[in-house]
Amino acid sequence: MTHRLSFPLWNMLLLTVAILFSACSGSEEQVSPESPPPPPKTTEIKPVEAVREFTYTERYYVTRATIGDPSDVDDALQAIRIIQLKPGENDVLVISSFDRQGEASLETWFGIEMPSFAPGRHDLSSARNIAFYRFYLGNERKRIDGQRASGSLVIESYDGEAIIGTIDATIEGVTKSFDEASKPVKVSFSGSFRIQKAELEDTIMKSR
């Protein structure tokens, strides 16, 4: 025998189910996914550019000049400059260095006169004039006077303040000494350089 629920009882049952469903739904915890933390800020470390070291940095680059006679000086103090510069139509690069060779100390002066020291490769044999002196300052006192130069001079840049380049030269000359007769000799002169520009007047020394 089938028992049917009365209509009011059926409504009450549906209402109870609805309340239970609502209670379960209302208590459900809603969890929102968290955003991932931002990546840590990193400071970009740029590589430190190595500072270029030059073989030669002493003496000067002079425009509108020429190499003069070393014995033609107006003031005895001027002889300290070794290479004498005069007003002229060309440019002159003078490089000097102090080195050691065994127990001897060397002082070298190398002057090159050209119509232009524009960037590029220059043949030293085509220089208008050269002057080369190497002094041995140890017990064996002598010097080398250069007469000709061959090899190459590479000008990398000139910014109005300094001229940068490399030189690979062979100098033919003669030795000068009080102890022995002069004899022919060849010496090499090579390396990189950064030489400051100077005014001609600043290269002339005067005692007053």
Side-chain angles (χ1 to χ4, degrees), residues 54-73 76-102 104-117 120-138 140-156 158 162-198 200 202-205:
F54 296 94
T55 312
Y56 307 107
T57 58
E58 295 295 330
R59 291 311 173 235
Y60 30 73
Y61 169 58
V62 181
T63 59
R64 311 299 292 175
T66 188
I67 297 175
D69 186 338
S71 62
D72 183 15
V73 293
L77 186 63
Q78 178 64 18
I80 295 175
R81 289 298 195 196
I82 310 299
I83 295 178
Q84 309 300 322
L85 301 186
K86 305 285 185 181
E89 298 299 320
N90 298 315
D91 296 347
V92 179
L93 175 64
V94 177
I95 302 173
S96 68
S97 67
F98 294 87
D99 309 287
R100 291 194 63 82
Q101 188 178 77
S105 296
L106 308 180
E107 179 181 356
T108 304
W109 289 65
F110 190 10
I112 306 164
E113 179 181 338
M114 288 187 165
S116 170
F117 284 84
R121 182 178 296 272
H122 301 266
D123 187 351
L124 288 173
S125 62
S126 64
R128 294 292 175 88
N129 199 359
I130 69 107
F132 181 90
Y133 301 98
R134 173 165 288 174
F135 301 89
Y136 291 76
L137 306 176
E140 183 185 4
R141 291 185 175 272
K142 65 178 182 179
R143 79 169 193 256
I144 294 174
D145 290 3
Q147 298 174 329
R148 289 173 298 278
S150 59
S152 63
L153 175 74
V154 177
I155 303 300
E156 298 175 18
Y158 171 59
I163 189 168
I164 294 176
T166 57
I167 187 169
D168 185 8
T170 298
I171 295 94
E172 298 178 52
V174 294
T175 59
K176 300 284 186 179
S177 172
F178 291 111
D179 300 327
E180 59 183 22
S182 296
K183 59 182 180 181
V185 65
K186 286 185 178 181
V187 296
S188 61
F189 188 94
S190 62
S192 59
F193 60 83
R194 183 182 189 276
I195 304 297
Q196 293 286 334
K197 182 182 183 298
L200 176 62
D202 295 334
T203 71
I204 299 174
M205 301 185 68

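As the structure is a computational prediction, the values presented were derived from the model and not from experiment. Along the sequence shown, residues carry numbers from 1.
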Q. Shortest non-hydrogen contact from Ser182 to Lys176?
A. OG-CD, 3.9 Å
Q.
Assess whether a salt bridge exists between Arg148 and Glu172, defined as any Lys/Arg side-chain N lying under 4.0 Å from an Asp/Glu carboxylate O.
A. yes
(Q) Would you compute the distance between atom CG of Asp145 and atom CZ of Phe132 and round it to the nearest 0.5 angstrom? (A) 9.5 Å
Q. How about Phe189 and Tyr56: are their ring centres within less than 6.0 Å of each other?
A. yes
Q. Taking atom CD1 of Ile195 and atom NZ of Lys197, what is their separation to the nearest 0.5 Å?
A. 14.0 Å
(Q) Under a 3.5 Å distance rule, please check whether Thr175 uses its side chain to pair with a backbone N or O of Lys183 as donor and acceptor. (A) yes
Q. From Leu106 CG over to Tyr136 OH, what is the distance, rounded to the nearest 0.5 angstrom?
A. 5.5 Å
Q) Between Thr55 and Phe193, is there a donor-acceptor pair closer than 3.5 Å when you use the side chain of the first and the backbone of the second? A) no
Q. Which distance, rounded to the nearest 0.5 Å, do you find between the CG of Leu200 and the OG1 of Thr66?
A. 10.5 Å
**Q.** Thr203 backbone acceptor or donor facing Arg81 side chain under 3.5 Å
**A.** yes
Q. Between Ala131 and Ile83, which heavy-atom pair has the shortest distance, and what is it?
A. O-CD1, 3.7 Å
Q: Provide the closest heavy-atom pair for Ala65 versus Glu113 in the form atom of the first, atom of the second, distance.
A: O-OE2, 4.2 Å
Q) Can you check side-chain contact (heavy atoms from CB on, under 4.5 Å) on Arg64 and Glu89, steps first, answer last? A) CA-CA 5 Å; Arg64 311 299 292 175; Glu89 298 299 320; 2.8 Å; yes
**Q.** Reported CG-to-OG distance for the pair Leu153 and Ser126, which is rounded to 0.5 angstrom
**A.** 9.5 Å
Q.
With a sphere of 6.0 Å drawn around NZ of Lys86, does it hold more than 12 non-hydrogen atoms of other residues, nucleotides or ligands?
A. yes
Q: Taking all non-hydrogen atoms of both residues into account, name the closest pair between Ser116 and His122 and its distance.
A: O-CE1, 3.6 Å
Q) Can Ile167 and Leu124 be said to form a side-chain contact (heavy atoms from CB on, under 4.5 Å), step by step? A) CA-CA 9 Å; Ile167 187 169; Leu124 288 173; 4.2 Å; yes
Q: Would you sort out whether Arg121 and Val154 count as a side-chain contact (heavy atoms from CB on, under 4.5 Å), showing the intermediate values?
A: CA-CA 4 Å; Arg121 182 178 296 272; Val154 177; 3.8 Å; yes
Q | Rounded distance [0.5 Å steps], OG in Ser188 versus CD1 in Ile171 | A | 7.5 Å
(Q) The criterion is side-chain hydrogen bond (donor to acceptor under 3.5 Å, both in side chains); which residues satisfy it with Tyr61, sequence neighbours excluded? (A) Asp91
Q) Stepwise, does the side-chain contact (heavy atoms from CB on, under 4.5 Å) test hold for Glu58 with Ser97? A) CA-CA 7 Å; Glu58 295 295 330; Ser97 67; over 6 Å; no
Q) Is it true that Arg134 and Glu107 have a side-chain N and a carboxylate O under 4.0 angstrom from each other? A) no
